[in-house]
Amino acid sequence: MLPLLDVKGVLERLEGDRELFEELVQLFADECPKSMAEIRAALDMADFVLLQRLAHTLKGSSASMGAMSVHHMALDLEMSARARDLPKSRDLVEDLQNEIGRLMPELKAIFRSVANE
Amino acid sequence: MTFKQGIATEGAQPSILIAEDDPVSRRLLEAFLRKLNYRVMVATNGLEALRILQGDAAPPIAILDWMMPEMEGPEVCRQIRAHSGNPYIYILMLTGRTLKDDLSRGLESGADDYLTKPFDAQELRARLHVGQRILDLQRSLIVAREELRFQATHDTLTEISNRGAIMEVLTREHARHAREGGSFGIILVDLDHFKEINDTYGHPAGDLVLKEASHRMSACIRSYDVLGRYGGEEFLLVVPSSNGAGTLSLAERIRLSLASEPIGLEQGAIRVTASLGVAVYNETSPPTVPTLLRLCDEALYRAKREGRNRSVLAPSEEVESPLGVVPGPSHSES
């Protein structure tokens, strides 16, 4: 299993800038539900070009945040959208939704712990 | 009058464009770049990025995300390179950790370097450092080129146009007036008794007189008149869209600006005068460039002969006989 969130790795890349980390976690937490809604809409319309781009964007932001499991699922979704594979894309969107559901409390917890330090 | 005008000053806060649709990566980049003291411009899609990069305030460095709405990074890159000119824009392409052939496609589109996400602050710094080095190199080449351009067309001592450059201006104005009609004037200015100044006060003093004389003459002319050093103490002035009376009155203003106030030298102030010959091109009897110069030179010679410190307007072309005119004596006695 990939870690939900690689906090240590992200902080290293940010050269220990906790203030920035805090801001990015918040931004990411705001973005995730928005991205998922857009991804679902693209899937419903079977707009694979849009789906590929949205998955790509989520792949980028999750990589920046060290959300490794989401990152890999987004990568898989990008590929399945590129292959115009509707059943696989549908499954991956479900997986992503679940994973993000697990990630959100983590983000909030980490955000609190950083804020309290 | 300097060749350095218009070239960005070094040491100023450099600006940079981020084009990235993902808000998290965008904010991350922006924070990194601000820490590195960049002035950050932001675009959230490719078209917006292209508009900024093709605008007047285009930054010298751009970080473009590969996949963006409206227009993808490589296409932005291609369009920028297709309309290339000065100044060069250094482009860093941002990619996800995806396929290898993507990288080569990105570089083929005209990107200078790439950065894979997620990147760290250290890597970004290193990549930008490379970019800055390329841009600095390019800037120093432009400065050197402009310096050479200036040197090739200007007289080192007086910093006005040199003989080659002023002759080119004369040829161009001649062609233009032949095409479009109208008249223009030329003035030959020769400092009186210049050899005596050199002999009496030394060559450094002579140089100072030449510089001061150029300076005073430059102050008399309009922005589209061109003054050049024609020979040792001889100057040629090209006066576009001017007739005989206008050019003669300019010659008189120049003569007075030299004669009215002595020139200060280490050894004391000396009075410097000049003799001026004026000739005019007009469409009714258009002279060739050599004829125009000869008429002007003859007028100058008359000004010398009639006592110096004066301006003489050449008579119009018709004076020339079909048998040709015997060249007048040179004015080397000046």
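In what follows, chains carry the letters A, B, and so on, assigned in the order in which the sequence lines appear, proteins first and then strands, with residues in each chain numbered from 1. What you see is a predicted model, and the numbers here were worked out from it, not measured in a lab.
Comparing A/Ser64, A/Ser61, A/Ala63, A/Gly9 by how many heavy-atom pairs each has under 4.5 Å with chain B, the most go to A/Ser61. If you tally non-hydrogen atom pairs under 4.5 Å between each of B/Glu72, B/Glu20, B/Lys35 and chain A, the highest count goes to B/Lys35.
Using a 4.0 Å cut-off between a side-chain N of Lys or Arg and a carboxylate O of Asp or Glu, A/Glu99 and A/Arg102 qualify as a salt bridge. With salt bridges taken as basic N to acidic carboxylate O contacts below 4.0 Å, one links B/Arg125 and A/Glu15. Ionic pairing of B/Glu159 and B/Arg229 is not present here: no N-O contact between side-chain nitrogen and carboxylate oxygen is shorter than 4.0 angstrom.
Proximity to chain B (any heavy atom under 4.5 Å) is shown, for A/Leu27, by both the backbone and the side chain. For a residue to count as touching a neighbouring chain, one of its non-hydrogen atoms must lie under 4.5 Å from one of that chain's; by this rule A/Leu58 does not touch chain B.
Taking 4.5 Å as the limit, some side-chain heavy atom of A/Arg82 sits within range of a side-chain heavy atom of A/Gln52.
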